[in-house]
Number of protein chains: 2
Amino acid sequence: MSVSLRPSEALALWHDVTLDLVREGGHDFSSRQITILLTIYLEQPPHTVRGLAAKLNVTKPVITRALDTMGALDLVTRRRDEKDMRNVIIQRTVKGALFVEKMGDVIVARAKELKR
Amino acid sequence: MSVSLRPSEALALWHDVTLDLVREGGHDFSSRQITILLTIYLEQPPHTVRGLAAKLNVTKPVITRALDTMGALDLVTRRRDEKDMRNVIIQRTVKGALFVEKMGDVIVARAKELKR
DNA sequence: TCCGATTGTTACGGAAGCGTTATAGTCATA
DNA sequence: TATGACTATAACGCTTCCGTAACAATCGGA
């Protein structure tokens, strides 16, 4: 029902994965940005600025800025909510899905190689 | 000899942990900063600016800046290498050790709660 | 039809990170 | 001892992000 890890293994995994992502040389995302991206791709839509801000316990401009950045990289898209024009619905993109998928592969690979 | 994870589980774990770290409200570190911190605390000393730069595949000023930031937060310290005064030896601090330890606990807890 | 509440964004001055380049200090060796 | 290699850092101009506050657009009920 769960994954059993010792703290030393957990930290080693985190280290190995982030090292891979850094060495890869792609964008250097912050924890906030990663969390936003994963929330959009893992949790049930629809996602709004307000919803993400509440979930992450940050202010709305933080979400707006992150969406600006990741939108420029084509990792997410925004559109107005037809039902309530105040809302903005955040949507996934092909590029974003590939990015997240690749990230999952890195974690899986590093977990498999983990010395216990 | 390894930890078996499916990609969806791996991503869920990553999401849950980063969400915890973000909601916690502490500093919003980048992947580079996290990697540097974990390398210092998990890998065998001594750690130098050059060594970290080579390992992470980034330039030395990137390391210097990260050490400035984390040093100001008392998560790491620097001292000159007595044997070779050109080198700077990066050292751990109590506060940094506690931070890393807490991070390990978060990962372990989230792994345990992971639905499979 | 107002009018308060709600949504997301923009504006602001400041802080921090970027890559590149220059620099100061130290070493090793010829 | 002079010189070239090597270390880490500082300086540069630029970009991004910060938190706070103001803002325009939209909703919904009085």
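Below, read A as the first sequence line, B as the second, and so on, with proteins coming before strands; counting in each chain starts at 1.
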Tell me the interatomic distance from [X], atom [atom1], to [N], atom [atom2], rounded to whole angstroms.
X       : N      : atom1 : atom2 : result
B:His27 : D:dC17 : NE2   : P     : 15 Å
B:His47 : D:dT7  : NE2   : C1'   : 18 Å
B:Asn57 : C:dG19 : CG    : C1'   : 14 Å
A:Leu67 : D:dC17 : CG    : C1'   : 14 Å
B:Asn87 : C:dA28 : CG    : P     : 10 Å
B:Phe29 : D:dC18 : CZ    : C1'   : 15 Å
B:Lys60 : C:dT21 : NZ    : P     : 15 Å

Partners passing side-chain hydrogen bond (donor to acceptor under 3.5 Å, both in side chains) against [X] (at least two apart in sequence or in another chain):
X       : answer
A:Asp28 : B:Ser30
A:Thr35 : B:Thr18
A:Asp74 : none
B:Thr39 : A:His15

Where along residues 77-85 of chain A does a heavy atom fall under 4.0 Å from DNA chain D?
->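 Per residue number, the list reads A:Asp84, A:Met85.
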Would you mind reporting whether A:Asn87 and A:Arg80 have side-chain heavy atoms less than 4.5 Å apart?
->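 Side-chain contact under 4.5 Å: no.
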A:Ile36 vs A:Tyr41 side-chain heavy atoms within contact, under 4.5 Å =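 In short, these two side chains do not touch, never coming nearer than 4.5 Å.
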Which is true for B:Thr48 with a 4.0 Å heavy-atom rule: it touches a base, it touches only sugar-phosphate, or it touches nothing?
->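 The residue B:Thr48 makes sugar-phosphate contact but no base contact.
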Exercise answer: donor-acceptor pairs, residues 96-106 of chain A side-chain atoms, under 3.5 Å, sequence neighbours excluded:
unit_1   : atom_1 : unit_2  : atom_2 : d
A:Lys102 : NZ     : A:Glu24 : OE2    : 3.4

Would you kindly compare B:Asp68 and A:Thr69 by the position of their nearest DNA chain D nucleotide and give the one closer to the 5′ end?
->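 With B:Asp68 and A:Thr69 compared, the 5'-side residue is B:Asp68.
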Between the protein and nucleotides 19-24 of chain D, which nitrogen or oxygen pairs come in under 3.5 angstrom?
unit_1 : atom_1 : unit_2  : atom_2 : d
D:dG19 : OP1    : A:Arg32 : NH2    : 3.2
D:dG19 : N7     : A:Arg65 : NH2    : 3.2
D:dG19 : O6     : A:Arg65 : NH1    : 3.2

Tabulated below should be each protein N or O lying under 3.5 Å from an N or O of nucleotides 2-6 of chain C; please produce it.
unit_1 : atom_1 : unit_2  : atom_2 : d
C:dT6  : O2     : A:Arg86 : NH1    : 3.4

Determine yes or no for a side-chain-to-main-chain donor-acceptor pair under 3.5 angstrom, with A:Thr93 supplying the side chain and A:Leu75 the backbone.
->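 Checked: pair present.
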Below 4.0 angstrom from OP1 or OP2 of D:dA8, is there any side-chain N or O of B:Thr64?
->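 The answer is no; no side-chain N or O of B:Thr64 sits under 4.0 Å from OP1 or OP2.
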Distance below 4.0 Å between B:Gln33 side-chain N/O and C:dG17 OP1 or OP2 =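 Answer yes for this pair, as a side-chain N or O of B:Gln33 is under 4.0 Å from OP1 or OP2.
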Remaining members of hydrophobic cluster (4.5 Å side-chain criterion), A:Met85 =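 Under the 4.5 Å side-chain rule, A:Met85 groups with nothing.
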Salt bridge (charged side-chain N to carboxylate O under 4.0 Å, His left out) pairs, two or more places apart, involving residues 34-58 of chain A =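 Checked against salt bridge (charged side-chain N to carboxylate O under 4.0 Å, His left out) - neighbours excluded - the pairs reaching residues 34-58 of chain A are A:Glu43-A:Lys55.
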Quick one: which residue pairs count as a salt bridge (charged side-chain N to carboxylate O under 4.0 Å, His left out) with a foot in residues 82-94 of chain A, not counting sequence neighbours?
->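 Qualifying pairs: A:Asp84-A:Arg86.
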Identify, between A:Ile89 and A:Asp28, the residue whose nearest nucleotide on DNA chain C lies closer to the 5' end.
->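 Its nucleotide being nearer the 5' end, the pick is A:Ile89.
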When the side chains of residues 59-72 of chain A are checked against the rest of the protein, which donor-acceptor pairs come out under 3.5 Å, sequence neighbours left out?
unit_1  : atom_1 : unit_2  : atom_2 : d
A:Thr64 : OG1    : A:Lys60 : O      : 3.4
A:Asp68 : OD1    : A:Arg78 : NH2    : 2.5
A:Thr69 : OG1    : A:Arg65 : O      : 3.1

